[in-house]
Amino acid sequence: MSTRKQKEIEQLKEEKAAVILAHYYVSPEVQAIADYIGDSYYLSKIAKELTNETIIFCGVTFMGESAKLLSPAKTVLMPSLTADCPMAHMVTYEEVAKARKEYEDLAVLCYINTTAEIKSWSDVCVTSSNAVEIARNLPNKNILFIPDKNLGAYVASQVPEKHFIFNAGHCPIHEEMLVNEITSKQKEYPAALLLVHPECNAQIRAKADYIGSTTGIITYASQSEAHAFIIATESGIDYVLKKENPAKDFYYPQTHPICAEMKKVTLDQIIHVLKTGENAIEVEASYFEAAAKTLMRMHEYAS
Ligand code: 13P
Ligand code: SF4
């Protein structure tokens with residue numbers, strides 16, 4: 001049953017010919033009014049393909065920036081302009097310049113969870129769903145992977161023929177997840193499979209039955225014959241997991257992994273930006289082109 005706010009959003013969306021995109025980590029009521037829900041890769045792809053002139057991006061800043069970089073003519077409105085991924089800032093220009101000096105054939109792979117400025121210093125962008133494939137397909141032997149040390153270490157383990165250099169960036173939500181909270185769930189539900197996002201720390205990744213992006217986790221759980229799963233990622237994913245698998249059980253670490261930044265997006269803010277056209281995301285002209293090239297290379301390399 002739709003609420004007054006949901007109806008208002010529907011009406012405004014139609015009036016403005018806008019489309020609403022949402023990441024799996026935003027709150028359930030925001031996912032419920034979205035036209036498209038997905039992981040970072042899917043959302044950047046769909047933002048590029050859609051013909052709507054206005055995109056309402058329910059997620060964190062780097063996601064809106066990515067949509068704008070791929071579709072400069074579109075208006076991308078962020079319901080919350082302060083919703084920002086802390087990891088997206090966790091590398092410096094000096095770290096990148098130092099590695100470039102050290103290795104002649106260096107490729108700088110940057111996770112999509114970065115600012116547009118960091119993308120402009122990099123060669124190819126990746127997401128958790130295509131990082132392994134892209135690292136493998138690059139001609140370069142030496143790869144600087146920024147900023148997530150956990151996703152970087154996971155990719156390196158899958159591409160042993162390449163030499164990887166890392167920096168110390170991480171997602172606080174996945175890095176600080178407690179392995180003993182995972183093992184106690186495993187004791188409680190011994191038949192449950194452990195599905196892990198690659199941003200998780202090494203102790204948790206070592207226990208995983210499956211490691212993959214948020215979409216990867218949802219697809220795995222939906223296709224698996226198992227009935228119970230322990231989920232090691234942000235618990236907003238539960239909305240789609242349950243919707244697509246009403247007969248299956250999903251368990252989370254006792255300290256529920258919640259990204260406070262993603263949860264900043266509210267229905268009231270969506271109504272506000274639809275009404276006013278405020279919070280349009282802009283990318284500074286001095287690095288727009290270089291950042292867009294890095295992002296477009298991902299779409300060329302990824303299948
Ligand atoms: P994916 O959407 O690529 O699974 O990444 C998760 C994430 O942390 C997004 O901020
Ligand atoms: Fe950033 Fe982690 Fe939140 Fe994703 S879950 S937006 S990586 S802080």
Side-chain angles (χ1 to χ4, degrees), residues 21-27 30 38-41 43-44 57-69 76 78-96 108-122 125-129 131 144-155 165-179 181 196-205 213-214 217 231-237 252-253 255-266 269 279 281-284 287 291 294-295:
L21 310 190
H23 190 269
Y24 295 120
Y25 295 166
V26 297
S27 61
V30 171
D39 69 356
S40 308
Y41 179 61
L43 291 175
S44 74
F57 212 121
C58 303
V60 285
T61 318
F62 78 80
M63 296 179 169
E65 275 185 348
S66 299
K68 185 71 186 172
L69 288 169
V76 180
M78 301 300 288
S80 167
L81 265 186
T82 67
D84 192 14
C85 170
M87 178 164 66
H89 304 268
M90 288 186 192
V91 62
T92 65
Y93 180 76
E94 288 68 32
E95 286 172 287
V96 175
V108 180
L109 284 202
C110 80
Y111 194 15
I112 197 166
N113 295 40
T114 42
T115 63
E117 188 177 10
I118 292 172
K119 287 183 177 74
S120 77
W121 315 329
S122 308
C125 193
V126 299
T127 74
S128 52
S129 68
L144 172 67
F145 193 98
I146 56 172
D148 187 5
K149 61 174 184 176
N150 289 312
L151 175 62
Y154 170 68
V155 174
I165 306 122
F166 308 106
N167 76 302
H170 60 273
C171 159
I173 288 83
H174 289 84
E175 166 76 3
E176 289 159 24
M177 218 178 275
L178 298 170
V179 72
E181 292 196 1
V196 171
H197 195 281
E199 287 177 13
C200 285
N201 63 59
Q203 286 172 301
I204 294 178
R205 292 199 313 274
S213 72
T214 43
I217 288 174
I231 304 295
T233 193
E234 214 274 355
S235 54
I237 197 173
Y252 296 83
T255 314
H256 264 214
I258 292 174
C259 176
E261 296 301 314
M262 288 281 193
K263 301 299 190 260
K264 282 182 177 173
V265 182
T266 66
Q269 289 167 334
N279 292 7
I281 200 124
E282 294 300 342
V283 176
E284 221 181 274
Y287 49 75
T294 303
L295 200 47

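When a residue number appears, it is its place in the shown sequence, counting from 1.
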- Within the side chain of Glu199, is there an N or O that forms a donor-acceptor pair under 3.5 Å with the backbone of Cys171? no
- Query: Aromatic rings Tyr25 and His23: how do their planes relate, parallel, tilted or perpendicular, breaks at 30° and 60°?
  - Reply: perpendicular
- Message: Quick check against the 3.5 Å criterion: does Thr115 have a side-chain atom that pairs as donor or acceptor with the backbone of Phe62?
- Response: no
- Message: Once rounded to the nearest 0.5 Å, what's the spacing between atom CD1 of Ile231 and atom OG1 of Thr214?
- Response: 11.5 Å
- Query: Which class fits the ring pair Tyr93 and Trp121: parallel under 30°, tilted 30 to 60°, perpendicular over 60°?
  - Reply: perpendicular
- Message: Treating Asp84 as the side-chain partner and Thr61 as the backbone partner, does any N or O pair qualify as donor plus acceptor under 3.5 Å?
- Response: no
- Message: Please report the interatomic distance CE(Met87) to CG(Asn150), rounded to the nearest 0.5 Å.
- Response: 8.5 Å
- Task: For Phe166 and Ala153, work out which heavy atoms get closest and say how close.
- Result: CE2-N, 3.7 Å
- Query: Does the pair Glu261/Lys264 count as a salt bridge with the N-to-O cut at 4.0 Å?
  - Reply: yes
- For Ala168 and Lys149, work out which heavy atoms get closest and say how close. O-CD, 4.3 Å
- Message: Would you compute the distance between atom CD of Glu65 and atom CD1 of Ile118 and round it to the nearest 0.5 angstrom?
- Response: 9.5 Å
- Give a yes or no on whether the backbone of Cys200 and the side-chain of Arg205 come within a donor-acceptor separation of less than 3.5 Å. yes
- Do the non-hydrogen side-chain atoms of Thr255 and Glu181 ever get within less than 4.5 Å of each other? yes
- Task: Would you check if Ser66 and Leu295 make a side-chain contact, meaning some heavy-atom pair closer than 4.5 Å?
- Result: yes
- Message: If we ignore hydrogens and angles and just use 3.5 Å, is the side chain of Ser129 paired with the main-chain N or O of Ser213 as donor and acceptor?
- Response: no
- Message: side-chain contact (heavy atoms from CB on, under 4.5 Å), that's the test. Do Glu95 and Ile146 meet it? Break it down for me.
- Response: CA-CA 10 Å; Glu95 286 172 287; Ile146 56 172; over 6 Å; no
- Task: Can you see which heavy atom on Phe145 is nearest to which on Val155, and at what distance?
- Result: CE1-CG2, 4.2 Å
- Out of curiosity, Leu144 CG to Cys110 SG, how far, rounded to the nearest 0.5 Å? 10.0 Å
- Item | Close side-chain approach of Ile237 to Tyr252, heavy-atom, < 4.5 Å | yes
- Query: When you measure from the side chain of Gln203 to the backbone N and O of Val179, does any donor-acceptor pair fall under 3.5 Å?
  - Reply: no
- Minimum heavy-atom separation for Ser40 to Met63, with atom names? OG-CE, 3.7 Å
- Just by distance, do the side chain of Lys119 and the backbone of Ile112 share a donor-acceptor pair under 3.5 Å? yes
- Query: If you look at every heavy atom in Ala67 and Val76, which pair is closest and at what distance?
  - Reply: CB-CG2, 4.1 Å
- Message: Using every non-hydrogen atom in the two residues, find where Phe57 and Leu43 come nearest and quote the distance to one decimal.
- Response: CZ-CB, 3.7 Å
- Message: With heavy-atom distances below 4.5 Å as the criterion, would you say the side chains of Ser122 and Val96 are in contact?
- Response: no
- To the nearest 0.5 angstrom, please state how far the OH atom of Tyr154 sits from the CG atom of Asp148. 13.0 Å
- Would you find a donor on one side and an acceptor on the other, under 3.5 Å apart, between the side chain of Glu234 and the backbone of Ile173? no
- Going by atom types only, do Asn201 and His170 share a side-chain donor-acceptor pair under 3.5 Å? no
- Could you give the distance from CE (Met90) to SG (Cys85), rounded to the nearest 0.5 Å? 7.5 Å
- Message: Using only atom types and a distance under 3.5 Å, with no angle test, would you say the side chain of Thr294 pairs donor to acceptor with the backbone of Ser120?
- Response: no
